[in-house]
Amino acid sequence: MITIIGGGPAGIMASMIASWNGAEVRIVERKGKLGKKLLAASNGRGNFSNLKLDETHYFTNDTSFVKKVLDRCGIFQTLSVFEEIGLMVKNFDSKLFPYTERSKDILTCFIHELENNNVEIVLNYQINDIVYSNSNKLFYLKSEYKTFESEKVIVATGGMSAPQFGSNGSIFQSLCTLGHSLIELKPGLVPIIINDDFFSVDNLGAKLSGTVVLENAQGIEMSKKYFGEIIFKNEMLTGIPIFQISNFVHRYLDEKIPIYLHIDPFPSYTENQLEEIILKKINLRPKKPIYLLFTSMIDEKLIPSFLNSLGINDLMEPSDSLKTSNIALIANRLKYWKFEIITTAEWESSQVSIGGINTKEIESLTLESKIIPGLFFAGEVMDVAGESGGYNLQWAWSTGYIAGESASSHK
């Protein structure tokens, strides 16, 4: 018997692959339904992978581990499995979706396979402790009401992100008792909290589209650069590029290094070009109120705070009252929005966990524990977290496939 702990994407894939290999399989899920996190993927659209797949899209302390896993089971194997279970897919700018853009359709195809292969599905049971007996080579999986016996175990419980969908980190203490070590967990793909001194008025719902990058106090870039829409919720920033950048934040905050967010809403314009645009606007309508200079350039909800930060408090003042030096400063600030990062939002808002079980203690080719024979890992429970764009679900498919195959054929 192989028991999979966790009925998310990784656990479902592992269960299916093991059952295809003829193994007797049981999946134990603490919630009342399988695949709750899968159903929420990309707001229900099911962005399940990305054609631009390699280890550089993952956060981990062991990049070589990620590369070995993806080399063994990547896009080709995933699409082969999805074809096998009857899922039609489409590609949007390298992001892969079900053709219907419904996460539910992925889950429906998987559950049919589990039922067709007689996988035992146990719902509403949380495994609190894993005990391994050296004498009879059996695992005892303890929940509040029942203990399950199993010859092999695949841990696919996830980390601590989005606990409302099932992951709560409860299994980590037991895994550490078995001898594994834990890389400290942090919320990833999560909104960022900034110093809100910049804002003098409510900016709730305001948006900027542009590039975002982390910088230190000297203005040196400290992260990858991402592009997309940033949404302001007063001192909280959200949106896909913010989620992406949040995965870099913790390493600097933990080391007490001041870190700043640089937003450039005009990546295709230079400061000189922006200055010329403003001057042209002034020359065309010199008596137009200053705040109207920026209509169509930035969200109107941001204009008052933007001008206030430059010491311009009378928004109705005519545009031609601006001095040339003011215009140069305005162009600079339009190009360079800089905010000090205080922290990130909490686990409820996160989409992935940074940290997890140390991958140095896991065999990359089989995902079996180097410490406890017969114990395997799949998905977010390990110290691997992906960027947004299908990378975390691909990690679930890759590791679920390998763990399910290894556990069902491992000697």
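What you see is a predicted model; the values in this text were computed from it and never measured.
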### Task
Mind checking side chain to side chain contact (heavy atoms under 4.5 Å, CB included) for Gln77 and listing every partner two or more places apart, or none if nothing turns up?
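Cys73.
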### Query
Going through the checks in order, is the side chain to side chain donor-acceptor pair (under 3.5 Å) test met by Asp105 and Thr100?
CA-CA 8 Å; Asp105 293 343; Thr100 53; 2.4 Å; yes
### Query
Residues in side-chain hydrogen bond (donor to acceptor under 3.5 Å, both in side chains) with Ser369, at least two apart?
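Checked Ser369 against side-chain hydrogen bond (donor to acceptor under 3.5 Å, both in side chains); matches are His180.
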### Query
Under the side-chain hydrogen bond (donor to acceptor under 3.5 Å, both in side chains) test, which residues partner Tyr269, sequence neighbours left out?
none
[X] side, atom [atom1]; [Y] side, atom [atom2] - distance, nearest 0.5 Å:
X: Leu261; Y: Ile242; atom1: CG; atom2: CD1; result: 4.5 Å
X: Ser174; Y: Asp129; atom1: OG; atom2: CG; result: 4.0 Å
X: Leu393; Y: Ser103; atom1: CG; atom2: OG; result: 8.0 Å
X: Leu279; Y: Ile330; atom1: CG; atom2: CD1; result: 9.5 Å
X: Leu70; Y: Lys68; atom1: CG; atom2: NZ; result: 12.5 Å
X: Asn124; Y: Lys31; atom1: CG; atom2: NZ; result: 9.5 Å

Would one find more than 12 heavy atoms of other residues, nucleotides or ligands at under 6.0 Å from atom [atom1] of [X]?
X: Lys146; atom1: NZ; result: no
X: Lys281; atom1: NZ; result: yes
X: Glu317; atom1: CD; result: yes
X: Glu83; atom1: CD; result: no
X: Lys224; atom1: NZ; result: yes
X: Glu340; atom1: CD; result: yes
X: Asn43; atom1: CG; result: no
X: Lys104; atom1: NZ; result: no

[X]/[Y] ion pair, N-O < 4.0 Å:
X: Lys37; Y: Glu380; answer: yes
X: Glu101; Y: Lys90; answer: yes
X: Asp254; Y: Lys186; answer: yes

If only side-chain N and O atoms count, and only distance matters, is there a donor-acceptor pair under 3.5 Å linking [Y] with [X]?
X: Ser409; Y: Glu405; value: no
X: Thr56; Y: Asp54; value: yes
X: Asp383; Y: Thr359; value: no

Using only atom types and a distance under 3.5 Å, with no angle test, would you say the side chain of [X] pairs donor to acceptor with the backbone of [Y]?
X: Ser223; Y: Leu214; value: yes
X: Ser353; Y: Gly355; value: no
X: Lys370; Y: Lys360; value: yes
X: His250; Y: Pro187; value: yes
X: Ser388; Y: Gln244; value: no

Set of residues satisfying ring pair (Phe, Tyr, Trp, His ring centres under 6.0 Å) with respect to [X], sequence neighbours excluded:
X: Phe139; value: Tyr132
X: Trp395; value: Tyr58
X: Tyr252; value: none

### Query
With Trp397, which of Phe110, Phe48, Tyr391 fulfils ring pair (Phe, Tyr, Trp, His ring centres under 6.0 Å)?
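Of Phe110, Phe48, Tyr391, ring pair (Phe, Tyr, Trp, His ring centres under 6.0 Å) with Trp397 is met by Phe110 alone.
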### Criterion side chain to side chain contact (heavy atoms under 4.5 Å, CB included) on Ser350 and Trp347, from CA distance to verdict
CA-CA 5 Å; Ser350 69; Trp347 284 108; 3.6 Å; yes
### Query
Is there a side chain to side chain contact (heavy atoms under 4.5 Å, CB included) between Trp20 and Asn117 once you walk through the steps?
CA-CA 7 Å; Trp20 282 2; Asn117 286 278; 3.7 Å; yes
